> 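One structure, as structure tokens, below. Some questions next.
All of these numbers come straight from a predicted model, not from anything done at the bench.
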Amino acid sequence: MEATRIQLAQGVHLTYLPARKFKTSLLSAQFVTPLRWETAGANALLAAVLRRGTVSCPDMGALSRKMDDLYDASIDYTVRKKGENQCIGFVASFIDDRYAPGGERLLEPAAALLGELICDPVTSHGRFVPEYFESEKTNLLEAIRSLVNDKRDWADSRLLRTMCTGEPYSIPRLGDEETVDKLQALRLYDQYRDLITTAPLEIIYSGSAELDRVRQALAAAFATLPREEVRTIADAVPHVCRESVQTVEDEMEVTQGKLSMGFSCGSDDMPALLLGNTLFGGSSNSKLFLNVREKLSLCYYASSMYHRQKGIITVSSGIEFQNYQRAYDEILSQLAAVQNGELEEWELAGARSTLLNSYATVGDSQGKLENFYLGQAATGRSETPADLAQAVMEVSAERICRAMSMVKLDTVYFLKGKEAQA
């Protein structure tokens, strides 16, 4: 699949992904804006409020009928975190024109509806409809409060907030409860005007329509989008490792401890770090999984993730409270094994195969394609899945050891029970 990226207007870019293997077309429109504590919650709320209606379809019922007319098309709002940016917008899915009854053209009306949701939302007296604002604000507050219910995700989030304090990467994609609770309807509308005026807009299309037709449909759909002093997309600043490891503990009514560890990479050899992390804890054949979890039974789960945009690796594990020190030591021991080149040929082959398979399957799903290319655009990168696969193929064991030898422990977070002792 040959991806093409072109500029449609000031600060508006289209990534065109021609595809005839799917029975549907996908159209995504996402504003990319820097993560900030003062605006993250407002942006998350904004996406939900915009989805409630347009001037021509002023409520959910009218929007539903409109999408029924497009043969059960769907448009969902999205709030995502990519690097140190927040991506807010919509993803539409509709029958590809090749399968539409009677040869009907669905791209143009679908694009028009997407444009309406962004450029022509329903309002009341110069602000969003009060009922829509209040109900979506309540929904967002409930979503933020419910995050603590998944203790694994909560621990991983707390690690990032602690490790990256003072950096945009520490900010959750939905913002925080305190800021959202104080939001007023007029303030949200002001944020909306600022966002659509100054934030870069990334549009992604996957389907069978020709590029020129897609360009014309989007030009008409977003003809009224205001553009003034459009900001450039912010690059994430690599995390600088602390001089000494910081440790943070929380106590909750939990029966299983959550040990999360954050490491600063120190190297910019991305392909080598991708493979090194996969060997360390990024697959079911990794050292963390096979040794810490399976062989030693120290963890209910143990895995690692390479945060490419931020230059960090995080480890997530669930343990018995009394196994804290043993699990901690063994996780560091497995990292040292990768750093020292204690790798079997089958381990390296398996890690390489895991990554190559993940890149090969990106093209099997329009959702994966959209998420991949949005991530690339939102973090200022241009590699295709094939480019990344080739880069991984060229990495030697020596490069892995060299890159991973610079990985150093920065922050440890432990969630334990109220009666537990580490």
Side-chain angles (χ1 to χ4, degrees), residues 1-32 73-75 78 80 82-83 85 87 89-100 103 105-112 114-115 200-222 232-233 235 270-271 274-275 308-309 352-395:
M1 177 183 297
E2 192 68 32
T4 302
R5 189 168 187 265
I6 61 172
Q7 182 170 327
L8 298 177
Q10 183 186 5
V12 181
H13 288 86
L14 165 67
T15 298
Y16 172 73
L17 306 170
R20 300 183 67 84
K21 64 189 292 186
F22 305 110
K23 293 185 177 180
T24 58
S25 290
L26 178 144
L27 192 57
S28 168
Q30 307 288 323
F31 288 101
V32 182
S74 66
I75 298 182
T78 59
R80 285 173 279 185
K82 299 291 185 182
N85 290 304
C87 300
F90 299 96
V91 177
S93 180
F94 49 96
I95 296 175
D96 194 87
D97 287 353
R98 292 176 301 136
Y99 297 94
R105 294 160 69 96
L106 299 181
L107 168 62
E108 286 76 9
L114 196 63
L201 177 61
E202 292 292 335
I203 300 176
I204 298 170
Y205 170 79
S206 172
S208 67
E210 295 297 324
L211 174 57
D212 194 53
R213 183 182 160 206
V214 176
R215 181 195 291 117
Q216 291 180 24
L218 293 171
F222 290 94
T232 57
I233 290 177
D235 290 332
M270 178 270 296
L274 275 170
L275 266 170
R308 174 187 174 190
Q309 302 91 348
R352 204 186 304 271
S353 176
T354 295
L355 288 174
L356 293 178
N357 183 64
S358 70
Y359 296 133
T361 58
V362 168
D364 294 339
S365 161
Q366 287 177 310
K368 286 183 180 179
L369 281 166
E370 187 269 346
N371 193 54
F372 176 86
Y373 281 99
L374 174 64
Q376 294 297 86
T379 55
R381 301 183 184 275
S382 59
E383 306 104 326
T384 66
D387 293 334
L388 292 172
Q390 183 60 41
V392 165
M393 284 293 294
E394 295 170 356
V395 176

> Using modelled atom types only, decide if a donor and an acceptor are shared between the side chain of Glu210 and the backbone of Asp212 within a distance under 3.5 Å.
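Not confirmed, Glu210 side chain does not pair with Asp212 backbone.
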> Supply the atom-to-atom distance Thr15 OG1 to Ile203 CD1, rounded to the nearest 0.5 angstrom.
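These two atoms lie 9.5 Å from each other.
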> Considering the options Glu202, Arg381, Glu383, Arg5, which one meets the side chain to side chain donor-acceptor pair (under 3.5 Å) requirement together with Gln376?
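Answer after filtering Glu202, Arg381, Glu383, Arg5: Glu383.
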> Residues in side-chain contact (heavy atoms from CB on, under 4.5 Å) with Asn371, at least two apart?
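Result, side-chain contact (heavy atoms from CB on, under 4.5 Å) vs Asn371: Arg80, Lys82.
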> Passes side-chain hydrogen bond (donor to acceptor under 3.5 Å, both in side chains), Thr78 versus Gln30? Steps please.
CA-CA 8 Å; Thr78 59; Gln30 307 288 323; 2.9 Å; yes
> Return the CD1 to CZ distance between Ile6 and Arg215, rounded to the nearest 0.5 Å.
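Here the interatomic distance stands at 4.0 Å.
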> Looking at Glu394 and Arg352, is there a salt bridge between them, counting it only when a charged N and a carboxylate O are closer than 4.0 Å?
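The answer is no: the pair does not qualify as a salt bridge.
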> Can you list the residues that meet the side-chain contact (heavy atoms from CB on, under 4.5 Å) rule with Ser365, with sequence neighbours excluded?
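Result, side-chain contact (heavy atoms from CB on, under 4.5 Å) vs Ser365: Lys368.
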> Kindly compute the distance separating CG (Asp364) from CZ (Phe22), expressed to the nearest 0.5 Å.
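Answer for the CG-CZ pair, Asp364 versus Phe22, is 7.0 Å.
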> Say whether, by atom type as modelled, one donor and one acceptor occur between the side chain of Asn85 and the main chain of Val32 under 3.5 angstrom.
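No, because the side chain of Asn85 does not come within donor-acceptor range (under 3.5 Å) of the backbone of Val32.
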> Which heavy atom in Leu274 sits nearest to a heavy atom in Tyr359, and how many Å separate them?
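The pair with the smallest heavy-atom distance is CD1-OH, 3.3 Å.
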> Are any side-chain N or O atoms of Asp97 and backbone N or O atoms of Arg105, one a donor and one an acceptor, separated by less than 3.5 Å?
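Not a single qualifying donor-acceptor pair exists.
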> Does Asp96 come within less than 4.0 Å of Arg20, counting only side-chain N to carboxylate O?
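Looking at Asp96 and Arg20, the cut-off is not met.
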> Please answer whether the main-chain N or O of Ser206 pairs with a side-chain N or O of Gln366 as donor and acceptor at a distance below 3.5 Å.
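Between the backbone of Ser206 and the side chain of Gln366 there is a qualifying donor-acceptor contact (under 3.5 Å).
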> To the nearest 0.5 Å, how far apart are OG in Ser25 and CD1 in Ile95?
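Nearest 0.5 Å value for the OG-CD1 distance: 10.0 Å.
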> Would you say the side-chain atoms of Tyr205 pair up with the backbone N or O of Ala209, donor to acceptor, closer than 3.5 Å?
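Side chain of Tyr205 to backbone of Ala209, a donor-acceptor pair under 3.5 Å: yes, one is there.
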> Taking only residues two or more places apart in sequence or in another chain, which ones pass side-chain contact (heavy atoms from CB on, under 4.5 Å) with Pro200?
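So Pro200 forms a side-chain contact (heavy atoms from CB on, under 4.5 Å) with Val230, Ile233.
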